[in-house]
Amino acid sequence: MGNADVSPLWYWLVFIAYIVFLIAVGLNAYKKQKSAASAEEEHNDYWITGRSQPAYMVGMSVASGWMLIGMITWMTWATYDLGLSGLWVVAIPWFFSNIWQFLMARPLRRIKAISQCQMLEKRFGLPARILSAPINIFSYTIWSAAELYAASLIMAPALGISIEAMIIIYAIPIAMYMWMGGFRSVINANVVQFFMGAIILIVTTVAIYFTADGIAAAQGTTIWSMLQAQPIVNSLAYPVDGAKNSASFFAYVSLSFPLIVMLGLVPGWASAEDFWLKAQAAKSTREARLGGIYSILFNLVIIVIPAAIIGFLGLIVFPPETTDGVVGAAAALGDKGAYNIISTYINSYMPPLLKGLLIFLLSAHTMSTVANYSNITAMNLSFDVLQPLVYKKRNWSDAKIVKWSRLVTVFMIGINILIALLYNSPMVGATLNDAYFLSSGLLTAGISVMLYVLWWKRATLLGVMLGGLFGTLGTFIFFVLEYKVWKSVYNTPVWDWIFGQGAMANSYLGYCVVGLVCGMAGVIIGTYASPPPTKEQLSAIADKPIDNNEEFFLGMHS
């Protein structure tokens, strides 16, 4: 990492100070929950803060949770690798998913339920809740473990310790403050972590702009002229027009790739439980919708635009190199290429103290994502599986349920540690990309196909069950075939006939589309193969949003 000019002692001091802050956040949340009038209120606060969050907390928390190292570096890689047309890879679908989330704020608050899985139970029955929970748990666990590992790769060299030790040291304070305060700890810490992420991206964007502008001026030209002269790197061989350059907004040979991205990624990202939970946690529907607007603005101005600009300007600061006629990323970026632009730029161009600060912020901020997703998986396991199948059947008291909810949260952090350690094992063939790609596909095909039919009055339990099963299996099977067996070389009959040979394979997202089609087919087949839902089932969706908390929690526990 090149941190020799920044003492490991500095990193240790600020890291310990940050841990103390997180523990204080958790302790404050714990005290608040213990002061509740009843164990039931404590339980409600632990998972959803008693539906008390203002709009700015919702917006900041959602944006903070989505400031993923993996997503940000994916975005910078995309615009470095594909120039302006790289916006279609991550930035544009991410922006559309933010808008979709805002539109969902009002409908989802018509259901008296905390989690997405409980919403499915209210509308269709307990089997839908039990089926959806493991899909969510798997998706968010492999993603949060990937983030934990990615942050450890950055911070371990700075502290002078092994990656394995860093993974554990990172996870312990997360487990502590989440055990104490649950969702309240997460959302309160997210505010500070939001500003951490904002500082990283804005400072790096401004600095790399001045560096690139200086390089362009020294060559007697402009940044835009240099981009117009730069061939597209395209290391993954996406279907692009070879005559286009990095300044082309649409360099693809057809609409195939943008369509696949929209079909395969946007529905899943829009159904991310992180946003749904925080929208439901808002103190009113108005605050939830306003929080959605804040999230769109924060994501666009602080994440999407800066990350994309860093990738563009990286083409000038770290100019691609041509070897044997093939254009590739600059050698200075290392074996991961443009994924390393932010960390390489910080280490190469920032003064020591600023570099030390940004490296710390970059790694510490990741706790936001790990905590957000670990909270979701703990809720899915404890609240959605164990509560209906174990806690309630054994007539446990609310106080005992809260204690076990806290323990399950710590357990899920432990699972994150184990999976993060596996990512670091040379014996495991999985990569971080496998985690990000597979989880995105499962959210689209395994979860979103179940969720979006909540408001379809003809949908039935059988349709939702088959949709979730077909979508999940289709995604898993085709992911393995596409990435591990066929190595992204195959033909898709209908799609390739319309858009050209290899159009689906060259997108590297075929498994998402296949999984989505399988999931939709399952929903339709199951729905029309079973009787229509009863009026009682349809009554689970209220005619208007429920802002009265007493009514909401009474209906949630019924």
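These values consider heavy atoms only, across backbone and side chains, with no hydrogens, waters or symmetry-generated copies.
- Judged purely by atom type and a 3.5 angstrom limit, R109 uses its side chain to pair as donor or acceptor with the backbone of A282.
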Exercise for the section: Report the C-alpha distance between F383 and H43 in whole Å, list the side-chain angles of each, state the deciding distance to 0.1 Å, and finish with yes or no for side-chain contact (heavy atoms from CB on, under 4.5 Å). Expected result: CA-CA 10 Å; F383 181 72; H43 178 268; 3.8 Å; yes
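- Here OG1 of T527 is found 7.5 Å from CG of L462. Values are rounded to the nearest 0.5 Å.
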Handout entry: Steps toward side-chain contact (heavy atoms from CB on, under 4.5 Å) verdict (T475, L438)
Key = CA-CA 8 Å; T475 301; L438 180 57; 4.2 Å; yes
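- Ring centroids of F499 and W495 are separated by less than 6.0 Å, placing the two rings close together.
- The CG atom of L87 sits 5.0 Å away from atom CD1 of I92, with the distance rounded to the nearest 0.5 Å.
- For the pair N188 and M57, the tightest heavy-atom approach, listed with the atom from each and the gap, is OD1-CE, 3.5 Å.
- Ring centroids of Y238 and Y508 are separated by less than 6.0 Å, placing the two rings close together.
- By the neighbour-count criterion of 12 heavy atoms within 6.0 Å, atom CH2 of W396 is densely surrounded, having more than that number from other residues, nucleotides or ligands.
- E40 places no side-chain N or O within donor-acceptor distance of the main-chain N or O of D398, the cut-off being under 3.5 Å.
- Within the model, atoms CD1 of I137 and OG1 of T377 stand 7.0 Å from one another, a figure rounded to the nearest 0.5 Å.
- Listed for the Q118 side chain is a donor-acceptor partner under 3.5 Å among the backbone atoms of M556.
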Exercise for the section: Show your reasoning for whether side chain to side chain donor-acceptor pair (under 3.5 Å) applies to Y391 and S382. Expected result: CA-CA 9 Å; Y391 304 163; S382 181; 3.0 Å; yes
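- Side-chain polar atoms of Y46 and T409 form a donor-acceptor pair below 3.5 angstrom.
- With a 4.5 Å cut-off on side-chain heavy atoms, E287 and R51 do not count as touching.
- Surrounding CH2 of W455 are more than 12 heavy atoms belonging to other residues, nucleotides or ligands, all under 6.0 Å away.
- Taking the six-membered ring for Trp and the full ring otherwise, F298 and Y56 have centroids separated by 6.0 Å or more.
- Within the 4.5 Å cutoff, no side-chain heavy atoms of V261 are placed close to those of W88.
- The two residues R123 and P533 make their nearest non-hydrogen contact at NH1-CB, 3.9 Å.
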Exercise for the section: Give the C-alpha distance, both sets of side-chain angles, the deciding distance and a yes or no for side chain to side chain donor-acceptor pair (under 3.5 Å) between R106 and T285. Expected result: CA-CA 6 Å; R106 184 177 176 84; T285 301; 5.7 Å; no
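- Within a 6.0 Å radius of CE in M520, other residues, nucleotides and ligands contribute 12 heavy atoms or fewer.
- Taking the six-membered ring where the residue is Trp, the centroids of W47 and F183 are separated by 6.0 Å or more.
- Across Y177 and A371, no two heavy atoms sit closer than the pair OH-CB, 3.2 Å.
- In this structure, R110 contributes its side chain and A542 its backbone to a donor-acceptor pair below 3.5 Å.
- The minimum heavy-atom distance linking A272 with Q101 is given by the pair CB-NE2, 4.0 Å.
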Exercise for the section: Apply side-chain contact (heavy atoms from CB on, under 4.5 Å) to the pair L443 and I135, showing each step before the final yes or no. Expected result: CA-CA 8 Å; L443 289 179; I135 304 173; over 6 Å; no
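- L481 places none of its side-chain heavy atoms less than 4.5 Å from the side chain of Y490.
- For the pair S64 (side chain) and S61 (backbone), a donor-acceptor distance under 3.5 Å is absent.
- Looking only at distances, a side-chain donor or acceptor of Y423 sits under 3.5 Å from a matching main-chain atom of I142.
- S139 and Y373 form no side-chain donor-acceptor contact under 3.5 Å, judged by distance and modelled atom types alone.
- Looking at D496, its side chain does come within 3.5 Å of a backbone N or O of T492 through a donor-acceptor pair.
- Side-chain contact, W269 with S440: a donor N or O sits under 3.5 Å from an acceptor N or O.
- Just one residue in the list F437, W486, Y511 forms a ring-ring contact (aromatic ring centres under 6.0 Å, His included) with F478, and that residue is W486.
- Side chain of T444 to backbone of G264: a donor-acceptor contact under 3.5 angstrom is found.
- The CE atom of M176 sits 10.0 Å away from the CG atom of L22 when rounded to the nearest 0.5 Å.
- Under the 6.0 Å cut-off for aromatic ring centres, W100 and Y452 qualify, their centroids lying closer than that.
- Across every non-hydrogen atom of Q280 and L108, the tightest pair is NE2-O, 3.4 Å.
- Note that the CG atom of N98 and the CG atom of N299 stand 4.0 Å from one another [nearest 0.5 Å].
- The neighbour count for R286 CZ, taken as heavy atoms of other residues, nucleotides or ligands under 6.0 Å away, does not exceed 12.
- Of the N and O atoms on the side chains of R129 and Q116, not one donor lies less than 3.5 Å from an acceptor on the other residue.
- Ion pairing between a basic and an acidic side chain is recognised when a charged N comes within 4.0 Å of a carboxylate O; K32 and D45 show no such pairing.
- Checked by atom type, the side-chain pair S374/N416 shows a donor-acceptor distance below 3.5 Å.
- V58 has its side chain out of reach of P54: every pair of non-hydrogen atoms, C-beta onward, lies at least 4.5 Å apart.
- Considering every non-hydrogen atom in both F470 and C518, the closest pair reads CB-O, 3.2 Å.
- Between the side chains of R184 and T49, not a single donor N or O lies within less than 3.5 Å of an accepting N or O.
- Between K278 and E273 there is no salt bridge, since none of the side-chain N atoms of the basic residue sits less than 4.0 Å from a carboxylate O of the acidic one.
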Practice task
I would like to know whether N136 and I447 meet side-chain contact (heavy atoms from CB on, under 4.5 Å); could you show each step before the answer?
Solution key: CA-CA 7 Å; N136 255 351; I447 293 297; 3.6 Å; yes
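- Counting only distance, with no hydrogens or angles, the side chain of K283 and the backbone of D547 share no donor-acceptor pair below 3.5 Å.
- No side-chain heavy atom of S256 sits less than 4.5 Å from a side-chain heavy atom of M504.
- Enclosure of atom OH in Y483 by more than 12 non-hydrogen atoms of other residues, nucleotides or ligands within 6.0 angstrom is indicated.
- For the pair M412/T141, a side-chain contact is recorded, criterion being any heavy-atom separation below 4.5 Å from C-beta on.
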Problem - Intermediate values then yes/no, side chain to side chain donor-acceptor pair (under 3.5 Å), Q193 and N190 - result: CA-CA 5 Å; Q193 291 157 339; N190 277 173; 3.1 Å; yes
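- The shortest side-chain heavy-atom distance between W74 and V89 falls under the 4.5 Å cut-off.
- For K31, the NZ atom is loosely surrounded, since the number of other residues' heavy atoms within 6.0 Å does not exceed 12.
- Two residues are said to be in side-chain contact when any heavy atoms from C-beta on lie closer than 4.5 Å; T73 and W77 fail this criterion.
- Looking at Q33, its side chain never comes within 3.5 Å of a backbone N or O of Y30 through a donor-acceptor pair.
- Atoms CG and CD1, on L418 and I167 in that order, are 10.0 Å from each other to the nearest 0.5 Å.
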